[in-house]
There are 2 protein chains.
Amino acid sequence: MQKDAFDLQLFLPYLLNQAAEASSLGFARIYKERYGLLRTEWRVLFHLGLYGRMTARDIGAMASIHKTKISRAVQRLEARRYLKRARDDKDRRKEHLELTAKGREVYADLYNEARSYEARLLRNMAAEDVTTLRRLLTALGG
Amino acid sequence: MQKDAFDLQLFLPYLLNQAAEASSLGFARIYKERYGLLRTEWRVLFHLGLYGRMTARDIGAMASIHKTKISRAVQRLEARRYLKRARDDKDRRKEHLELTAKGREVYADLYNEARSYEARLLRNMAAEDVTTLRRLLTALGG
DNA sequence: TGATAATAGTTGTTTTTGTAACCAACAACG
DNA sequence: CGTTGTTGGTTACAAAAACAACTATTATCA
């Protein structure tokens, strides 16, 4: 039919999804079981933990997450006292989000988990391959 | 704090998810808009198109899709007359699934779309990198 | 055999997500 | 100003996914 065979297992969007799902699973179990967090909540938490005070809009733009998802994640994180909101005085539409002490604790714990989890994931991969992988994924997904 | 900085954008599960989502989007639009298919439906269709007659269980095992998702995808594909079911005579729990002529047409069309879509995705990537990428993703996600 | 467990697949219910409509505050421009 | 458009964020409703419980059939093994 065609000279180079097409295998679904090699189709890039499919392959990426499989790899993403498989490699997210273990970490998801941690933040889910330990803190009852959802995927978007973990992401918002990490954005605030890593980059400090920012608005919902900025997180959305940076992570390509829809604003409704962020809105709900922020609500739940606030309900657990992981973050607090502060309206911007200049532009009263904006809300600056910031982790509380409790939120920073959770973040610090998950941060360590993330690092060791990733180390386990990449345990058997050559350092050069890891670099290449990151570069290519960034090109595809940025 | 720590010697090698941790950037969320480089955290592998995150990066993989971003790349997977971004690279699935365009193809999803095609099967969605053109045929009203859902993600799992497209996947089931492709399994049957590529590998021929198989059972729901086998598809699930091969693609790591939960059986309830497959069950519902099969229902919808059957309702559209894209596939037909046949009970196994030896083991009457099993159902062999097979594409109809109509299903094969849709498959053939999407097959071509998948190939050209992937080609566009990889347009700017060196052939060697593509090989490496597939190898690494397979190692992560298989 | 017959009781127990395992397998293939379906159905029902609850969570999450996606989409659209919405409100309030600000911007632009006549 | 004031009308029109845009932006940041929330809410409501519909679509989809996750999870658990279920039926029917076959396998296991005392």
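Numbered from 1 within each chain, the chains take letters A, B, ... in sequence-line order.
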Task: Close side-chain approach of Leu25(A) and Pro13(B), heavy atoms under 4.5 Å - done: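 A side-chain contact is absent here, since even the closest heavy-atom pair is not under 4.5 Å.
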
Task: Ser24(A) side-chain N/O to Glu21(A) backbone N/O, donor-acceptor pair under 3.5 Å - done: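 Checked: no pair found.
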
[X] [atom1] - [N] [atom2] separation (whole Å):
X	N	atom1	atom2	answer
Ile59(A)	dT7(D)	CD1	P	19 Å
Met54(A)	dG8(D)	CE	P	13 Å
Arg29(A)	dC19(D)	CZ	P	12 Å

TODO: Report the C-alpha separation of Tyr82(B) and Tyr107(B) in whole Å, then their side-chain angles, then the decisive distance to 0.1 Å, and conclude whether the ring-ring contact (aromatic ring centres under 6.0 Å, His included) test is met.
DONE: CA-CA 9 Å; Tyr82(B) 287 176; Tyr107(B) 165 69; over 10 Å; no

TODO: Would you mind building the protein contact string for nucleotides 6-12 of chain C? One character per nucleotide, 5' to 3', B for base within reach (heavy atoms under 4.0 Å), S for sugar-phosphate only, - for untouched.
DONE: BBSBBBB

Open item on the list: Using the ring centroid of each side chain, check whether Tyr51(B) and Phe46(B) are separated by less than 6.0 Å.
Closed with: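 So the answer is no for these two rings.
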
- [ ] Assess the pair Tyr35(A) and Trp42(A): is the distance between their ring centroids shorter than 6.0 Å?
- [x] no

Open item on the list: Quick check on contacts: within residues 34-50 of chain B, what sits under 4.0 Å from DNA chain D by heavy-atom distance?
Closed with: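 Residues of residues 34-50 of chain B under 4.0 Å from DNA chain D: Leu38(B).
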
- [ ] State whether a side-chain donor-acceptor pair under 3.5 Å links Asp58(B) with Thr55(B).
- [x]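 A pair is found: one side chain offers a donor N or O, the other an acceptor, under 3.5 Å apart.
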
TODO: In sequence, state the C-alpha distance, the side-chain angles, and the governing distance for Arg72(B) and Glu41(B), and then conclude on salt bridge (Lys or Arg N to Asp or Glu O under 4.0 Å).
DONE: CA-CA 9 Å; Arg72(B) 283 169 168 133; Glu41(B) 291 164 22; over 6 Å; no

Task: Closest-nucleotide ordering on DNA chain C, the 5'-leading residue of Lys90(A) and Lys32(A) - done: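 Between the two, 5'-proximity favours Lys32(A).
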
- [ ] Give me the ring orientation class for Phe6(B) and Tyr111(A): parallel if the planes are under 30° apart, tilted from 30 to 60°, perpendicular past 60°.
- [x] perpendicular

